[in-house]
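Have a look at the structure below before the remarks.
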Amino acid sequence: MEGFKFEEEEFLACCGSTKFAKEMAKASPFSSLHDAVTAARDIWFNNVDVTGWLQAFSAHPQIGNPPSSSSHSTFAQWSKGEQSTALATATSSSLQELSQWNTKYREKFGFIFLICASGKSTDEILAELKKRYPNRPIVEFEIAAKEEMKVTELRLEKLFSTKENVPSTGSKNLTVAAKKVEEDRVTIIGGHLSASSAISAVKTSETPTRIRPPITTHVLDVSQGSPGAGIEVCLEMWKGRQPRPVFGESDIGGWVFQGSSTTNSDGRSGQLLSIVDAVNPGIYRISFNTGKYCPGGFFPYVSIVFEIRESQKLEHFHVPLLLSPFSFSTYRGS
């Protein structure tokens, strides 16, 4: 296959996730910059796990600070260039305020404030940081992932420009070309945490064979900025006399055990159900033993109740949990 061939080390300069760099190197060569960007988005949002996302975030220097001495030389050079406008427009007072807000942000979310800083002034960056600070962790994690991909796209363009006879496309065209990939996701973070397979442009009428259980989960400890490993998980299905559980009424004997496991080092659950093409429609409850995982936390356990309808029995249901000692949030993945 003819095209533009790059090594893992070169992709590591574009994104600090080793998983991303490995997958991009395996997918190389690319026939064009457009194809590379499309592959990068697919890999970043579908194949790179939470650990890889956090690794990529941590590779960046804090806005206003120089890259660390351990940074990849090209990565450091590009980071410096991307912050050039911010540094050129900074004052001692604005840098001090930016540093203070960066610290507050990291203490709240567990990772550094991430923004595609290219062309942005210090005041613009600071305003965006303040605007995003009140966000819930799940919302902010999604935004950070999007910003990381913006940076990666710009760096891929720089990487391709090092090869001869590579036409310039401009970052605007790159965004339009890759927009379909993002639109196909229910949400960016939901798509990532589900570890779903690559998006297919052609849909067939055949029922695919599952390669994983129909219900899975994934825990991210946002207070530590890392996967929630070693958390006991239990899945139950409603089999009570009433068609569905009713809020405020006793449900003793209504829930029937389906399976249990403990999250691994990536925060992912083991097999909670058998791998079947069609899951039984009904109401399910997935519970997390958060009290054992975080004895000083507010919740002795967390339970999430959801319904799978007849029309959804062929779908995959991913129920991720974003956890901190005194709060949690969840959402439906794909």
Side-chain angles (χ1 to χ4, degrees), residues 49-55 57 105-111 134-142 144-145 186-187 189-195 212-240 244-273 282-308 316-334:
D49 60 18
V50 170
T51 303
W53 278 23
L54 293 172
Q55 182 187 27
F57 295 171
Y105 180 97
R106 187 159 196 163
E107 288 175 351
K108 177 178 179 179
F109 297 108
F111 50 85
N135 285 339
R136 295 166 58 210
I138 185 175
V139 174
E140 191 55 28
F141 199 56
E142 175 182 346
V186 177
T187 63
I189 189 171
H192 160 70
L193 292 179
S194 68
R212 56 181 171 168
I215 300 175
T216 56
T217 187
H218 193 157
V219 182
L220 173 65
D221 186 340
V222 295
S223 66
Q224 302 292 326
S226 62
I231 298 179
E232 297 171 358
V233 183
C234 175
L235 180 68
E236 300 163 289
M237 186 177 183
W238 177 254
K239 297 287 187 179
R244 58 199 303 118
V246 178
F247 177 77
E249 294 189 11
S250 175
D251 58 10
I252 297 176
W255 293 103
V256 177
F257 176 83
Q258 300 293 301
S260 64
S261 70
T262 302
T263 56
N264 62 15
S265 59
D266 287 329
R268 300 186 185 279
S269 64
Q271 189 165 317
L272 297 172
L273 280 179
I283 297 176
Y284 291 83
R285 179 170 70 180
I286 190 167
S287 301
F288 303 83
N289 191 354
T290 50
K292 183 177 179 180
Y293 173 76
C294 184
F298 186 74
F299 303 98
Y301 67 91
V302 170
S303 289
I304 301 162
V305 178
F306 58 96
E307 182 175 8
I308 299 177
H316 176 76
F317 293 84
H318 192 71
V319 190
L321 179 73
L322 275 76
L323 177 70
S324 69
F326 300 102
S327 68
F328 73 90
S329 56
T330 187
Y331 52 93
R332 160 76 195 279
S334 61

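No experiment lies behind these values; they were computed from the predicted model shown.
Looking at residues two or more places apart in sequence or on another chain, you find a ring-ring contact (aromatic ring centres under 6.0 Å, His included) between Phe109 and Tyr105.
A donor and an acceptor atom, one from each side chain of His218 and Ser269, are nowhere located under 3.5 Å apart.
For the pair Glu236/Ser287, a side-chain contact is recorded, criterion being any heavy-atom separation below 4.5 Å from C-beta on. The shortest side-chain heavy-atom distance between Asp221 and Tyr293 falls under the 4.5 Å cut-off. Between Phe288 and Thr263 there is no side-chain heavy-atom pair separated by less than 4.5 Å. Trp255 is listed as a side-chain neighbour of Val305, based on a closest heavy-atom distance under 4.5 Å. A 4.5 Å side-chain heavy-atom check between Tyr284 and Leu272 finds every atom pair outside the cut-off.
Counted within 6.0 Å of CZ on Phe306, heavy atoms from surrounding residues, nucleotides or ligands total more than 12; the atom is thus considered enclosed.
A distance of 9.0 Å separates SG of Cys294 from CD1 of Ile231, quoted to the nearest 0.5 Å. In this structure, the separation between CZ on Arg285 and SG on Cys234 is 8.0 Å, given to the nearest 0.5 Å. Atom CD of Gln258 and atom CD1 of Ile215 lie 8.0 Å apart (nearest 0.5 Å). Separating the OG1 atom in Thr51 from the CG atom in Asp266 is a distance of 4.5 Å, to the nearest 0.5 Å. Considering OG1 of Thr290 and OH of Tyr301, their distance stands at 9.5 Å, rounded to 0.5 Å.
Of all the heavy atoms in Asn135 and Glu140, the pair that sits closest is ND2-OE1, 2.9 Å. Closest approach of Val50 to Leu220, counting heavy atoms only: CG1-CD1, 3.3 Å. Nearest heavy-atom pair, Ile283 versus Pro245, reported as atom, atom and distance to 0.1 Å: CD1-CD, 3.6 Å.
Of the residues listed (Arg268, His316, Gln271), the one engaging Thr216 in a side chain to side chain donor-acceptor pair (under 3.5 Å) is His316, and it is the only one. A side chain to side chain contact (heavy atoms under 4.5 Å, CB included) with Ile286 holds for exactly one of Leu321, Val233, Val302; it is Val233.
Ring centers of Phe111 and Trp53: at least 6.0 Å apart, outside the cut-off.
Taking a cutoff of 4.0 Å between a charged side-chain nitrogen and a carboxylate oxygen, Arg244 and Glu307 qualify as a salt bridge.
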